[in-house]
Colleague: 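Pasting in a structure now, in structure tokens, and then I'll have a few things to ask.
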Amino acid sequence: MAASVSRAESVRRIATFRPAIAIDYARSPAARVALGLIVSFLFAVLIVFAVEWIARGSLTDIVEFLTSPARPGMTTAAILMLFMLTLDAVFGRVGQSALIAVPAVIIPAFVSSEKQHYLSDPLYPSDFLFARQIMELMPVIVRDRPWAAVGLALTVILSIVGLVLFWRYAWRNFPRLSRRARLTRLSLCLPLLGAFVSLMDYSQYSWIRDRLQVVPMMWDQKENYRSNGFILAFSFNLPMAHVKAPAGFGTEALDAIPSRNYGYLAGPDEKPDIIMLMSESFWDPTRLTALTLKPDPMPNVRTMQSGNVFSPEFGGMTANVEFEALTGFSNAFLPYGSIPYQQYVRHQMPSLATFFRGEGYAARSIHPFSGWFWNRNEVYKAFGFEEFRTEETLPPMEKRGIFASDDALMREIIREGDGMDKPFFFFAVTLQGHGPYEAHRYGRNTIDVQGYLPEADRETLATYAQGVKEADNSLKTLMDWASKREKETIIVLWGDHLPPLGSVYMNSGYMADQVATRKAPIEIMKQQHETPLVIWSSKKGIRKDIGTISPAFLPYHLLKFAGYEHPYYTGFLGRVQKKYGIIDRYQLVARDNRTSPDWVLKEKELDPLIRDYRYIQHDIMFGKEQTLERFFPSHAWMTNAGT
């Protein structure tokens, strides 16, 4: 009888599949806790290994990801362990968290692997905003891999049934946690998880995150997923996935947007050629009034300056400025930290490229760097550019420092412009001005920095100022060429953001920190976010007195200057810019400099003009494009024509 009882007890122990069975034999509570943590961590490592294997589609690089001190594999496992221990405490059962955690990471990893097979990109949280596109892939998958599709369907059904049954079994048989054990786990794990979540704002530097070897690479999502692993990279993108419809948004609200004077679509008799230049980190360093720079590093821009662009970014995130300038839409209506180029441009979208193509122009984008950077290869296709010239397709270009020189880029624009037989719209992003601004980058600097500044800062500023001088000279080269052409040529140049000069700002007394603030009185915000703007015509000269504007208003000023009228770019956007100069995520700035701080939190008090602006953008980016034909007729026509 005793033997039977003993055997029954042994069978029961095995059947319950207690992950911590060895803990029973530990000699002390501390040893049991330690052994339990080791088992939990090893299980988390196993899950991370499986996730990476599935997401990558091979074992390549996984061992290095998990073992290299320069990669966050172990950090990922530790986070996953904390998450599972927290869930165990919530459910009150040891190991029950695995029934949620494992499917929660394995299934998205599998979907990511399949997405890369068909679309080359990994899975982003924002993909779920475009569920229709995901469903449209299903027929392709079924047709291309029918047995895999059948297997997937059966796997999903069996997995759901299995999880339900296993959950019931686990609830009845997995070891219970005492109230004290549950509270202990929660009190230890939740603060640690919360601390890590607080480090996930990739737009801000984090010393701790840096020590953990977690380096968000939002400019290159493929490398982001490869280097940080699927779980962390996916997590970085989570905050951007929630784009809720504005209050009151719907068909009636869209139809109610005033359409008077929006029905026209007209242009000049002689179509001018257009060149837009977004100059990397181009800014006026003479604004550092505690210092003197001799000679003036930007005399040509200063003479030709039309106003200033209020950049929504500082020191980086170029793509967000570019997004506004090409679409006439605003980052202010999107989640903080989002990068539309990476998360939201998933289908054809109206832009200046499609507008000019509708007017018979050739539309070409040029950037002397890799096309994958900021996902430009795909974005420019969605924006309607016929061709994107990158370092892979451009002829070899002279370098200044480690980047292609602005002068070489201007010569290439001139060469391509001379070869065009119809009106052209060129959008170019320069590269030379990109940091870091190390000493002796240019061999010899011709700008003298006078005034007190630590030597390292002086060398940084001298290098940057030399780059500004060369960018200024290259603009003059382009203008001289345009002035000699018989055809009118319009050139628009602006800086995408202030340069990341490190401690130069602090040690010169220009800013309180190394980076710009996000919230401050408008005078300080302008000081830390304004970059020079030039809008110039070879026939009409300078477009003057524009003031300080958001990049989203550039299409209006360009088209007006070129002699075009358009339902959105000059019609609706014209009404908005007449009242507001700056639309920033934290404050609206009216033309008379009156500000509306935290306007996004006061939806009921929102100016109907800004509300309608947001409605149109949301409809085009995330809705059913009900306003497309009214406000973007040329884009609608091109889309319907399949061009």
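Quick note: residue numbers are just sequence positions, from 1.
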Colleague: Under the ring-ring contact (aromatic ring centres under 6.0 Å, His included) definition, can you give me all pairs with a residue in residues 389-411, not counting sequence neighbours?
Modeller: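 Output for this query lists Phe403-His434.
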
Colleague: I'd like to know if Glu378 pairs up with Arg346 as an ion pair, taking the criterion as any Lys NZ or Arg NE/NH1/NH2 lying under 4.0 Å from an Asp or Glu carboxylate oxygen.
Modeller: no

Colleague: Under 3.5 Å, is there a donor-acceptor pair between the Gln432 and Glu280 side chains?
Modeller: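 Result is no, nothing qualifies.
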
Colleague: Give me the one residue out of Phe553, Phe632, Tyr564 that meets ring pair (Phe, Tyr, Trp, His ring centres under 6.0 Å) with Tyr569.
Modeller: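 Passing option: Phe632.
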
Colleague: Give a yes or no on whether a salt bridge exists between Glu416 and Arg364, defined as a side-chain N under 4.0 angstrom from a carboxylate O.
Modeller: yes

Colleague: Does some side-chain heavy atom of Asp584 sit less than 4.5 Å from a side-chain heavy atom of Ser550?
Modeller: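 With C-beta onward as the side chain, the pair stays apart.
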
Colleague: I'd like to know whether the aromatic ring centres of Tyr380 and Phe388 sit less than 6.0 Å apart in this structure.
Modeller: yes

Colleague: Within the 3.5 Å criterion, strictly below it, is a donor on Gln343 or Ser338 matched to an acceptor on the partner's side chain?
Modeller: no

Colleague: Are Asp296 and Lys469 within salt-bridge range, i.e. N to O under 4.0 Å?
Modeller: no

Colleague: We want to know whether Ser537 and Glu488 form a side-chain donor-acceptor pair, criterion being a heavy-atom distance below 3.5 angstrom.
Modeller: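 Per modelled atom types, Ser537 and Glu488 side chains form a pair under 3.5 Å.
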
Colleague: How about Gln466 and Tyr437: does a side-chain donor come under 3.5 Å of a side-chain acceptor?
Modeller: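 No, Tyr437 and Gln466 have no side-chain donor paired with an acceptor closer than 3.5 Å.
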
Colleague: Look at Asp472 together with Lys476 and state whether they make a salt bridge at an N to O cut-off of under 4.0 Å.
Modeller: no

Colleague: What residue among Lys487, Arg485, Glu486 forms side chain to side chain donor-acceptor pair (under 3.5 Å) with Thr489?
Modeller: Arg485

Colleague: Just by modelled atom types, is the Phe333 backbone N or O under 3.5 Å from a matching donor or acceptor in the Tyr613 side chain?
Modeller: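 Answer holds: no.
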
Colleague: Please work out whether the ring planes of Phe427 and Phe385 are parallel, tilted or perpendicular, with thresholds of 30° and 60°.
Modeller: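 Judged by the thresholds at 30° and 60°, the geometry between Phe427 and Phe385 is tilted.
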
Colleague: Can you pull out every ring-ring contact (aromatic ring centres under 6.0 Å, His included) where at least one residue sits in residues 308-328? Sequence neighbours excluded, please.
Modeller: Phe310-His529, Phe314-Tyr505

Colleague: Here's a test for you: under side chain to side chain contact (heavy atoms under 4.5 Å, CB included), which of Leu475, Asp496, Leu277, Val468 qualifies with Phe282?
Modeller: Val468

Colleague: Quick one: which of Phe572, Tyr568, Phe622 gives a ring pair (Phe, Tyr, Trp, His ring centres under 6.0 Å) with Phe329?
Modeller: Tyr568

Colleague: Does Val600 offer a backbone N or O that forms a donor-acceptor pair with the side chain of Arg585 under 3.5 Å?
Modeller: no

Colleague: Going by distance alone, is a donor N or O of one side chain under 3.5 Å from an acceptor N or O of the other, for Trp494 and Asn308?
Modeller: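 No.
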
Colleague: Decide, yes or no, whether a salt bridge links Lys579 with Asp607 under the criterion of side-chain N to carboxylate O below 4.0 Å.
Modeller: yes

